[in-house]
Q: 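One structure follows; several queries about it will come next.
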Amino acid sequence: MPHAQMLFYPCTDQRMLTASIKQFTNTPICNSKAVAKYYKLTMDSNYTGERGYVSPMEADLLEGMPSTYLETAEFDCLRDEGIALDQGDGFHDH
């Protein structure tokens, strides 16, 4: 198990339901349209594995996660996913 992790603009919820993912559809570099493509590349309709490995916010538990530095940006489609992950059980810095 890693001792720590650094997450920059983490893509954490394949369901794409947050306000920021809906708001920032055309921002430069990374936007919700691009994120949808990323998920399609990593988790197609035939995916039968544990969804939590690709979409951590769908995991049953986030316990035991290492200390984490998590960075989001104000005008980022992934901002709310990062905030939600940071507030998940067992995910705060020790």
Side-chain angles (χ1 to χ4, degrees):
M1 178 63 112
H3 294 284
Q5 60 183 341
M6 294 180 77
L7 304 178
F8 295 94
Y9 321 113
C11 198
T12 64
D13 194 344
Q14 180 271 331
R15 298 169 292 186
M16 298 180 65
L17 301 174
T18 65
S20 64
I21 203 82
K22 293 174 183 176
Q23 181 180 5
F24 300 113
T25 58
N26 290 312
T27 50
I29 302 175
C30 183
N31 54 53
S32 57
K33 292 175 186 176
V35 171
K37 289 179 186 176
Y38 305 156
Y39 276 121
K40 190 172 185 175
L41 289 171
T42 58
M43 199 159 118
D44 68 16
S45 60
N46 297 320
Y47 182 79
T48 59
E50 170 60 45
R51 293 185 67 83
Y53 291 131
V54 178
S55 184
M57 292 306 296
E58 295 184 73
D60 291 331
L61 295 172
L62 293 175
E63 289 180 1
M65 296 295 287
S67 294
T68 301
Y69 173 85
L70 194 148
E71 185 171 308
T72 62
E74 183 177 0
F75 301 108
D76 178 23
C77 66
L78 298 171
R79 178 195 63 217
D80 296 343
E81 290 185 27
I83 292 168
L85 187 64
D86 183 50
Q87 295 173 351
D89 292 341
F91 202 76
H92 297 284
D93 288 343
H94 302 291

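Just so it is clear, the model here is predicted, and its values are computed rather than measured.
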Q: Going from NZ on Lys22 to CG on Leu17, what distance comes out if it is rounded to the nearest 0.5 angstrom?
A: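 Here the rounded value is 5.5 Å.
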
Q: Is there side-chain contact between Ser20 and Asp76, with heavy atoms separated by less than 4.5 Å?
A: no

Q: Do the side chains of Glu71 and Tyr9 get nearer than 4.5 Å, heavy atoms only?
A: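 A side-chain contact exists here, since the closest heavy-atom pair is under 4.5 Å.
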
Q: Would you say Ile83 ends up clustered with Leu78 if hydrophobic residues are merged whenever their side chains have heavy atoms under 4.5 Å apart, either directly or through other cluster members?
A: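 Different hydrophobic clusters.
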
Q: If you define the side chain from C-beta out and look only at heavy atoms, does anything of Gln14 sit under 4.5 Å from Val54?
A: no

Q: Look up atom OH in Tyr39 and atom CG in Asp13, then write down how far apart they are to the nearest 0.5 Å.
A: 6.0 Å

Q: In the structure I gave you, are the side-chain heavy atoms of Asn26 and Lys33 within less than 4.5 Å of one another anywhere?
A: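 Yes. Closest side-chain heavy atoms under 4.5 Å.
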
Q: How far does OG of Ser67 sit from CE of Met6, to the nearest 0.5 angstrom?
A: 12.5 Å

Q: Can you see which heavy atom on Pro56 is nearest to which on Cys11, and at what distance?
A: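 Nearest pair, atom of Pro56 first, then Cys11: CD-O, 4.5 Å.
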
Q: Would a 4.5 Å heavy-atom cut-off, applied to side chains only, mark Leu85 and Leu7 as touching?
A: yes

Q: Counting neighbours of CD1 on Ile29 that are heavy atoms of other residues, nucleotides or ligands and sit closer than 6.0 Å, is the number greater than 12?
A: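 Not buried by this count: 12 neighbours or fewer within 6.0 Å.
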
Q: Check for a donor-acceptor pair, side chain of Arg79 on one end and backbone N or O of Thr72 on the other, with a separation under 3.5 Å.
A: no

Q: Return the minimal non-hydrogen interatomic distance between Tyr69 and Phe8, and the atom names on each side.
A: CE2-CE2, 3.7 Å

Q: Specify the closest pair of heavy atoms between Ile21 and Met16, including all atoms of both residues, with the distance to one decimal.
A: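 Looking at all heavy atoms of both residues, the shortest contact is CG2-O, 3.4 Å.
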
Q: What are the two closest heavy atoms between Cys77 and Ser32, and how far apart are they?
A: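 It is SG-N, 3.6 Å.
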
Q: Restricting to non-hydrogen atoms, name the atom on Pro2 and the atom on Pro66 that form the minimum distance, rounded to 0.1 Å.
A: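 In this case the closest contact between Pro2 and Pro66 is O-CB, 3.3 Å.
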
